[in-house]
Protein chains: 2
Amino acid sequence: METDTATTSTTWTIGELADEFGVTHRTIRFYEDQGLVTPERRGTARVFHVRDRVRLALVLRGKRLGFDLGQIRRIVDMYDEEPGEEGQLRYFLEQIAARRAELEQRRQDIETTLAELAEVERRARETLTNLA
Amino acid sequence: METDTATTSTTWTIGELADEFGVTHRTIRFYEDQGLVTPERRGTARVFHVRDRVRLALVLRGKRLGFDLGQIRRIVDMYDEEPGEEGQLRYFLEQIAARRAELEQRRQDIETTLAELAEVERRARETLTNLA
DNA sequence: TCTTACCTTTACGTTAACGTCAAGGAGAAG
DNA sequence: CTTCTCCTTGACGTTAACGTAAAGGTAAGA
């Protein structure tokens, strides 16, 4: 019996990640085609490392937010951008500002909607009380 | 010259709404097919009233949030739900709670992402300063 | 009356993001 | 060696949300 010293494995198969994140193999392979994850290959099999796991989580969070994969890639790629020289860095900061602007627009829309739903709910509760 | 007493018209053509909201006629007609707007018909022409204008704005806000039209309809329809009897109202409140839960999940995701981007930005600025 | 602008329906085309077979390899267990 | 289980690569299918002609109606202005 091989000792399982690694506490929890530091690599994953496609099936393990699929189970953990509740997606199909197909989805993960699709994300690989799109360059969102880049698993190592041992022979023909895929071996996913921590970086891939993190990126997959980021992608799925982006999906929950309703971003398309293009937008998602732009955000995810920011997480492991290399320093680079000044021009690059300034451009990079511009990109970050743009993403932030989008996210803040969304947050604003969400807060407006939540406020309106609260009002709709208030009226419904009122009507309900008046039935008693 | 017909007096334009109506300050700004209280009805709109499809083109006016399309221009105002930056979408195409096709999009609005599609939303009509989906029952998201229900313009009056005068002969064959569509006449949009305030209700349609409001609903269109809600739909587009839903799109900015990345909801699909199914989710959007569920939210939008809440805005002009009729009181109804107790069972209906309780079900209605459940639905509101569900939509709110989705929106709050999104808000959480957005705040996490904004925080992470702020950190990424901080590091980029740091690197930039160290070049001077 | 003839443009011109705006509207109409019908209907096939397109893109994103996977779903869904089909056919087969690789290794561990019995 | 055979049977499982999990993996692999194609490759065509599907759904949502419109895009994009095609072909024509209508009302106002020159």
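Values in this document were obtained by computation on a predicted structure and should not be read as measured data. Every chain is numbered from 1 and lettered A, B, ... according to where its sequence line falls, protein lines coming before strand lines.
Dashed line: the shortest gap from a side-chain N or O of B:Arg46 to OP1 or OP2 of C:dT8 is under 4.0 Å. When the side-chain nitrogen and oxygen atoms of A:Lys63 are compared with OP1 and OP2 of C:dC18, one or more of them lie within a distance under 4.0 Å. Checking the phosphate oxygens (OP1, OP2) of C:dA17, no side-chain nitrogen or oxygen of A:Tyr31 falls inside 4.0 Å.
When distances are taken from the side chain of A:Ile14 to each of D:dT8, C:dC18, D:dC18, the shortest belongs to D:dT8. Of the candidate nucleotides D:dT9, D:dC7, C:dA17, C:dA17 has the atom lying nearest to any side-chain atom of A:Leu69. The side chain of A:Thr13 lies closest to D:dC7, out of D:dC18, C:dC7, D:dC7. Of the candidate nucleotides C:dT8, D:dA17, C:dG19, C:dG19 has the atom nearest to the side chain of A:Thr24. Distances from the side chain of A:Arg41 to the nucleotides C:dA17, D:dG19, D:dT8 place D:dT8 closest.
Put simply, CG on B:Asp33 is 14 Å from P on D:dG19, counting in whole angstrom units.
Each of B:Asp68 and B:Thr44 has a nearest nucleotide on DNA chain D; the 5'-most of these lies closest to B:Asp68. Each of A:Ala45 and A:Arg26 was assigned the nucleotide of DNA chain D with the nearest heavy atom; the assignment lying further toward the 5' end belongs to A:Ala45. In terms of position along DNA chain C, the nucleotide closest to B:Glu32 lies nearer the 5' end than the nucleotide closest to the other residue of the pair B:Glu32 and A:Thr27.
Heavy atoms of other residues, nucleotides or ligands lying less than 6.0 angstrom from OH of A:Tyr79 number more than 12. The environment of A:Glu85 atom CD is dense: over 12 non-hydrogen atoms of other residues, nucleotides or ligands sit within 6.0 angstrom.
Using a 4.0 Å heavy-atom cutoff across all strands shown, A:Arg42 reaches no nucleic acid atom at all. Using a 4.0 Å heavy-atom cutoff across all strands shown, A:Arg29 reaches at least one base atom of the nucleic acid.
Here the side chains of B:His49 and B:Asp52 are in contact, with some heavy-atom distance below 4.5 Å.
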